[in-house]
2 protein chains.
Amino acid sequence: MAATMKDIARRTGLGLATISSYFNGGNVREKNRVKIEEAIEELHYEVNEVARGLKTNATKTIGVVIPELNNTFCAEIITEMEDVLRSHGYATIVCDCRTDKKLERDAVEFLSRKRVDGIINMPVDTEGNHLKKFQKTGKPIVLIDRKIQEISCDSVLVDNEKAAEDAMRVFFQAGHRKIGIIGGPEEISTAQERLQGYRSAYEKENLPVQESLIYHGDYTIQGGVKGLEKLVADNPDMTAVFVTNYEMTMGAVIGVNELALKIPEQLSMIGFDNLQFARACNPKLTIVAQPTPSIAREVAGIMLKRLEEGDAGNTERIAEKLDAEIIMGKSVRAI
Amino acid sequence: MAATMKDIARRTGLGLATISSYFNGGNVREKNRVKIEEAIEELHYEVNEVARGLKTNATKTIGVVIPELNNTFCAEIITEMEDVLRSHGYATIVCDCRTDKKLERDAVEFLSRKRVDGIINMPVDTEGNHLKKFQKTGKPIVLIDRKIQEISCDSVLVDNEKAAEDAMRVFFQAGHRKIGIIGGPEEISTAQERLQGYRSAYEKENLPVQESLIYHGDYTIQGGVKGLEKLVADNPDMTAVFVTNYEMTMGAVIGVNELALKIPEQLSMIGFDNLQFARACNPKLTIVAQPTPSIAREVAGIMLKRLEEGDAGNTERIAEKLDAEIIMGKSVRAI
DNA sequence: GTGAAAGCGCTAACAT
DNA sequence: ATGTTAGCGCTTTCAC
């Protein structure tokens, strides 16, 4: 068995309170400090955080619930977030709910039983039913990427409408008028916003939106393949296509290859996220890149802030909104 | 505060042991079962796994330490593993050590303090120093992908030498003789094995290996870019290149694009992992694909097995070895 | 500054 | 089958 504080107490002849105080930054006489440290060394003592957690009612553990770990956007954010949280002593339990509302709910319940101190969530259920019970515990919730009207909590979002408008402007300035869009699931806020950006861009050009140019995808690779095929089939006069997340971008590129289309000669394209993939495309893809490291750091920062302010969490809800960036490649032809 | 078993005991008039027994599959009189379930419902009771963990000395939590979450191979394995473990009631704490030995050691210590029930590790430190202390606890360790001589524990590996030989055979059969390789870090076992496969393949053809065709990369995208550039520059007569992990494959493709080389007319290529990326390449890339879902399920299965057999872990060490598969594309030209 | 003792929520041994 | 009780390893009053 591992050594306990009792063992240290016995060995040093000190009381439990002194040892505990030593570990919690209290004042301990120099002589005793040395004794304690020797004992720790010899007994290979390590604080038992489970016991501490039971007593303090805090596990120093954050739960993260995301739709797909196996998704660059999510993976990048988690990598960075976990880094920040761990450096503050917090462990991160990641639950991948496979874009399934039922599994998402299960995950939150699971984390709740594990008594995590807070939950970070990129929500699948846009009504937030999965979070309502957890919220009653008063523990902090921070939402990433997608907002939920019904849940009052902090969130870190990207200005998707602006990002989409920016991308569309690139097309318009290059002379494109018939621009297709491979959008996301209609109930997801990011998809709504990106589509809204697409529509506003047309409006600002005083051009009508042609509904056949809009494809509602599902944010998966296969969805991107299908979307591209359908848009191309339905719109012989389409000269460009805007793809609204990374997985579908990969799918659209696969579609282009399998249809043996030439980019940008036959079709111009702007994709989403993952600069490295964009560079690996030939010609290099122009993309909208979301600021994943900033998102991650913002989220982790807000969570840590809420954690340390404790019950005083009556302060205003934070709703950070970050800007995406266009990274130019050679996949848009001037016509 | 959340309800406790005491609250349920009070409300039902039963003793603590009965409630506990109810939750642990013991026999409880039908009448009482109903009463308990009503109380649970009304009080919104949830087992406190922290308290349970303190008592049982088991946290139902597995620690996972990997070099880069932000790496498809790792992400795919973790997704699948976490799924299996969670369905058995285990939480997974993932620590990304950024391919840094120091951070890897920190991660293991962190998990040790968190009292995880076992550790799954894709090791960076090939001497396993980071695991020695944890191993003394007697808790199970399962290694993924890379073996460590000094540590006696279970492992799930891929037959890398065979995988590399298979890939090389594709080149030889297409008539290639001057084949470059972008290998991994020399101290990592997978890299050694893949390189060994490359050498054996040449041997079996009774052809000498030309050292200038060997590049030692670092398993990163940027390393792949550099490797390709150097091999091309140093070997004007090279007709094919074998890239030995996914990140470097992406890098090599970037390199090819930036040098404006034509695949497979000017250079044939076989990459590693990630079928979707291979499909997104034009022409479709031929790749060696590792069986990530099988690896993940094997690892999770072994861990669960060790966990349930408890101290009886004196059984033989398991060393699973799985086969990779070649997925043909159009990136190898017959000459 | 330090020691004694209570108690966090649970499980398990023992008694009934 | 159920109740009583001790104790897992820690923190935290409360004395001294």
Side-chain angles (χ1 to χ4, degrees), chain A residues 1-37 39-40 43-61 89 91 112-117 137-139 310, chain B residues 1-37 39-40 43-61 89 91 112-117 137-139 310:
Chain A
M1 269 312 301
T4 72
M5 278 178 47
K6 246 188 193 158
D7 297 324
I8 304 219
R10 201 160 3 189
R11 193 163 178 99
T12 55
L14 295 167
L16 269 179
T18 312
I19 319 292
S20 176
S21 154
Y22 166 83
F23 281 111
N24 295 286
N27 275 338
V28 176
R29 226 194 297 275
E30 180 62 14
K31 226 194 272 180
N32 292 330
R33 217 206 65 220
V34 176
K35 270 206 256 177
I36 294 175
E37 282 170 2
I40 291 174
L43 300 172
H44 301 293
Y45 174 79
E46 272 184 336
V47 175
N48 184 328
E49 297 208 8
V50 177
R52 181 183 273 177
L54 177 59
K55 186 67 192 179
T56 60
N57 200 22
T59 52
K60 285 276 189 175
T61 302
S112 177
R113 250 177 295 127
K114 287 279 176 205
R115 297 298 196 271
V116 295
D117 296 339
T137 64
K139 292 176 178 172
Chain B
M1 270 311 300
T4 73
M5 278 178 46
K6 247 189 194 160
D7 297 324
I8 304 219
R10 201 161 0 188
R11 190 162 180 103
T12 57
L14 295 167
L16 267 180
T18 312
I19 319 291
S20 175
S21 149
Y22 167 85
F23 281 110
N24 294 288
N27 274 337
V28 176
R29 223 194 298 276
E30 180 63 13
K31 228 195 270 178
N32 292 330
R33 217 208 64 219
V34 176
K35 269 206 256 178
I36 294 175
E37 284 170 1
I40 292 174
L43 300 172
H44 302 293
Y45 175 78
E46 272 184 335
V47 176
N48 183 331
E49 298 207 8
V50 177
R52 181 183 274 176
L54 176 59
K55 183 67 192 178
T56 60
N57 200 21
T59 52
K60 285 277 191 173
T61 302
S112 177
R113 251 178 293 127
K114 286 280 175 204
R115 297 298 196 269
V116 294
D117 296 339
T137 64
K139 293 177 178 173

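Predicted model, so just to flag it, every value in this text is computed and none were measured. The figures here come from the full heavy-atom set of this structure, side chains too, leaving out hydrogens, waters and symmetry mates. Convention: sequence-line order gives letters A, B, ...; per-chain numbering from 1.
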So ring-ring contact (aromatic ring centres under 6.0 Å, His included) across residues 2-22 of chain A, not counting sequence neighbours, yields none
N/O contacts under 3.5 Å, protein versus nucleotides 10-12 of chain C?
{"unit_1": "C/dC10", "atom_1": "OP1", "unit_2": "B/Y45", "atom_2": "OH", "d": "2.3"}
{"unit_1": "C/dC10", "atom_1": "OP1", "unit_2": "B/N48", "atom_2": "N", "d": "3.2"}
{"unit_1": "C/dC10", "atom_1": "OP2", "unit_2": "B/M5", "atom_2": "N", "d": "2.5"}
{"unit_1": "C/dT11", "atom_1": "OP1", "unit_2": "B/R52", "atom_2": "NE", "d": "2.5"}
{"unit_1": "C/dT11", "atom_1": "OP1", "unit_2": "B/R52", "atom_2": "NH2", "d": "3.2"}
{"unit_1": "C/dT11", "atom_1": "OP2", "unit_2": "B/S20", "atom_2": "OG", "d": "3.1"}
{"unit_1": "C/dT11", "atom_1": "O2", "unit_2": "B/K55", "atom_2": "NZ", "d": "3.3"}

B/N27 CG to D/dG3 P, in whole Å, measures 15 Å
Checklist entry - Can you name the side-chain contact (heavy atoms from CB on, under 4.5 Å) partners of A/K35, sequence neighbours left out? => result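 Counting only residues at least two positions away or on another chain, A/K35 forms a side-chain contact (heavy atoms from CB on, under 4.5 Å) with A/T12, A/N32.
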Contacts of A/D117 meeting salt bridge (Lys or Arg N to Asp or Glu O under 4.0 Å) (sequence neighbours excluded), chain-then-number -> none
Whole-Å distance, B/R10 CZ to C/dG9 P, equals 11 Å
Exercise. At under 4.0 Å between heavy atoms, what does B/V28 touch on the DNA or RNA strands: base, sugar-phosphate, or nothing?
Worked result: sugar-phosphate
Would you kindly give the CD1-to-P distance between A/I8 and D/dT11, to the nearest whole Å?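 Spelled out: CD1 on A/I8 to P on D/dT11 is 12 Å.
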Problem set entry | Pairs flagged by salt bridge (Lys or Arg N to Asp or Glu O under 4.0 Å) wherever residues 18-30 of chain A is involved - sequence neighbours left out |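 Passing the test, one end in residues 18-30 of chain A: A/E30-A/R33.
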ask   = Rounded to whole angstroms, how far apart are CG on A/N57 and P on D/dC10?
value =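 One finds 18 Å between P of D/dC10 and CG of A/N57, rounded.
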Residue set satisfying salt bridge (Lys or Arg N to Asp or Glu O under 4.0 Å) with A/R52, at least two apart, ordered chain then number -> none
* To do: Using modelled atom types only, decide if a donor and an acceptor are shared between the side chain of A/K60 and the backbone of B/K114 within a distance under 3.5 Å.
  => no
query = Taking atom C1' of D/dG3 as reference, at what distance in whole Å does atom CZ of B/R29 sit?
reply =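 Taking CZ of B/R29 and C1' of D/dG3, I get 12 Å after rounding.
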